[in-house]
2 protein chains.
Amino acid sequence: MTSDFEAQLRAVSLRVTRPRLAVLAALRDHPHVDTDTVIALVRADHPAVSHQAVYDVLRALTDTGLVRRIQPAGATARYEMRVRDNHHHVVCRSCSVIADVDCAVGNAPCLTASHDHGFVIDEAEVVYWGTCPDCLTRSEGIR
Amino acid sequence: MTSDFEAQLRAVSLRVTRPRLAVLAALRDHPHVDTDTVIALVRADHPAVSHQAVYDVLRALTDTGLVRRIQPAGATARYEMRVRDNHHHVVCRSCSVIADVDCAVGNAPCLTASHDHGFVIDEAEVVYWGTCPDCLTRSEGIR
DNA sequence: CCCTTTTCTGGAATGAATCAAGTTTTGTGA
DNA sequence: TCACAAAACTTGATTCATTCCAGAAAAGGG
């Protein structure tokens, strides 16, 4: 388990440190969590880790492509380990929960904009907005 | 021009005020601007308008669907008047410039997620990430 | 095992956005 | 046309995620 993370870190020539292993473990067990939650999860095992360390680690991991940063409008940044498989996300408008959605229409179509204005496009990100099952039943209860 | 905005505001039963007309005019002339720029543009004509007023106005306008809020990951919120026509955006990774892109694959396909996890999806948002022409030539200059 | 570089700690600072209290303005109904 | 209640605005403080900074600790190549 841990050695797996170790290999991943070395593969992108990052040093292997406790905070980094802890962050990776937290993300493996809890997909789509925000920074505060990562900090809490990391401190459950390693109370001495500073918030700054977590921010630094998350940046290092995203920069090297080991984790992916998701930041839906109006929510704080979230992170996940599923990477390089072109999947997308559904975001709940009321509680900001995120779930994974595999690409609806294959890979290529999503990536082809009709007119790119001269931009060199390297990624097409799709965010589905809606209401999650929990919030649905909750709003029915109110009614 | 202004009377047009007046009609739009009344159509969603919002009172017609100077700050609101000024914000609408700013957005008409400058698509995809962030809040600070809106404030600056508004103050060019009406120096007394507070930043809070602009925030309130932008919220009122987005809530009523008159303008659309765009918030690409890692950038501050931006606003535009083009609304209800299912278009998407290209965002430059280095300078965060935004350009419009008409829906690449029609309306329906974009909106159909393969597995919705029980979410009720009401919108599919597509963000194309890349590099804008300006930043491209600039980086070539460095090389 | 030592040394250089990277990373981490602790604390302060930034900046977009929001909150709060009191004043002004809008638009309706007399 | 005028008065009044609701909505909107001003001013100023506050929150909160994120970043900056300086010094201490740890990683790993030699």
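Just so you know, these numbers use all the heavy atoms, side chains as well, and skip hydrogens, waters and symmetry mates.
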Indicate, with yes or no, if Leu21(A) and Val33(A) share a hydrophobic cluster defined by side-chain heavy-atom contacts under 4.5 Å among Ile, Leu, Val, Met, Phe, Trp and Tyr.
yes
Ile39(A) CD1 to dT19(D) P: how many Å, rounded?
12 Å
Which heavy atom of Trp129(A) sits nearest a heavy atom of Pro72(A), and at what distance?
CH2-CB, 3.8 Å
Return yes when atom CZ of Arg18(B) has more than 12 non-hydrogen atoms of other residues, nucleotides or ligands closer than 6.0 Å, and no otherwise.
no
Distance in angstrom units between Tyr55(B) OH and dA8(D) P, rounded
19 Å
Test applied, side-chain hydrogen bond (donor to acceptor under 3.5 Å, both in side chains); reference residue, Glu80(B); option that passes from His32(B), Arg28(B), Arg69(B), His30(B):
His32(B)
Whole-Å distance between dT26(C) P and Leu21(B) CG?
10 Å
Could you run through nucleotides 1-14 of chain C and give me one letter per nucleotide, 5' to 3': B if any protein heavy atom sits under 4.0 Å from the base, S if only the sugar-phosphate is that close, - if neither?
----BBSSBBB---
Between Arg15(B) and Leu9(B), what is the shortest heavy-atom contact and its length?
O-CD1, 4.2 Å
Gap between atoms CZ and C1', on Arg78(A) and dT18(D) respectively (whole Å):
15 Å
Using a cut-off of less than 4.0 Å, is there contact between a side-chain N or O of Thr35(B) and OP1 or OP2 of dA17(C)?
yes
Between P of dT18(C) and CG of Asp36(B), the distance in whole Å:
13 Å
Under 3.5 Å, side chain of Gln71(B) to main-chain N/O of Gly74(A), donor-acceptor pair present?
yes
SB check Arg93(B) Asp122(A) (cutoff 4.0 Å):
yes
Overall bend - the helix from dC1(C)-dG30(D) to dA30(C)-dT1(D), comparing terminal axes fitted on five pairs, nearest 10 degrees:
30°
To the nearest angstrom, the CG-C1' distance between Leu9(B) and dC9(D) comes to 15 Å
Separation of Gln71(A) atom CD from dC16(D) atom C1', in whole Å?
14 Å
Report yes if the side chains of Val101(A) and Tyr128(A) come closer than 4.5 Å at any heavy-atom pair, otherwise no.
yes
When rounded to whole Å, the CG to P distance for the pair Leu58(A) and dA17(D) reads 14 Å
Counting only heavy atoms not in Arg82(B) (residues, nucleotides, ligands), do more than 12 fall under 6.0 Å from its CZ?
yes
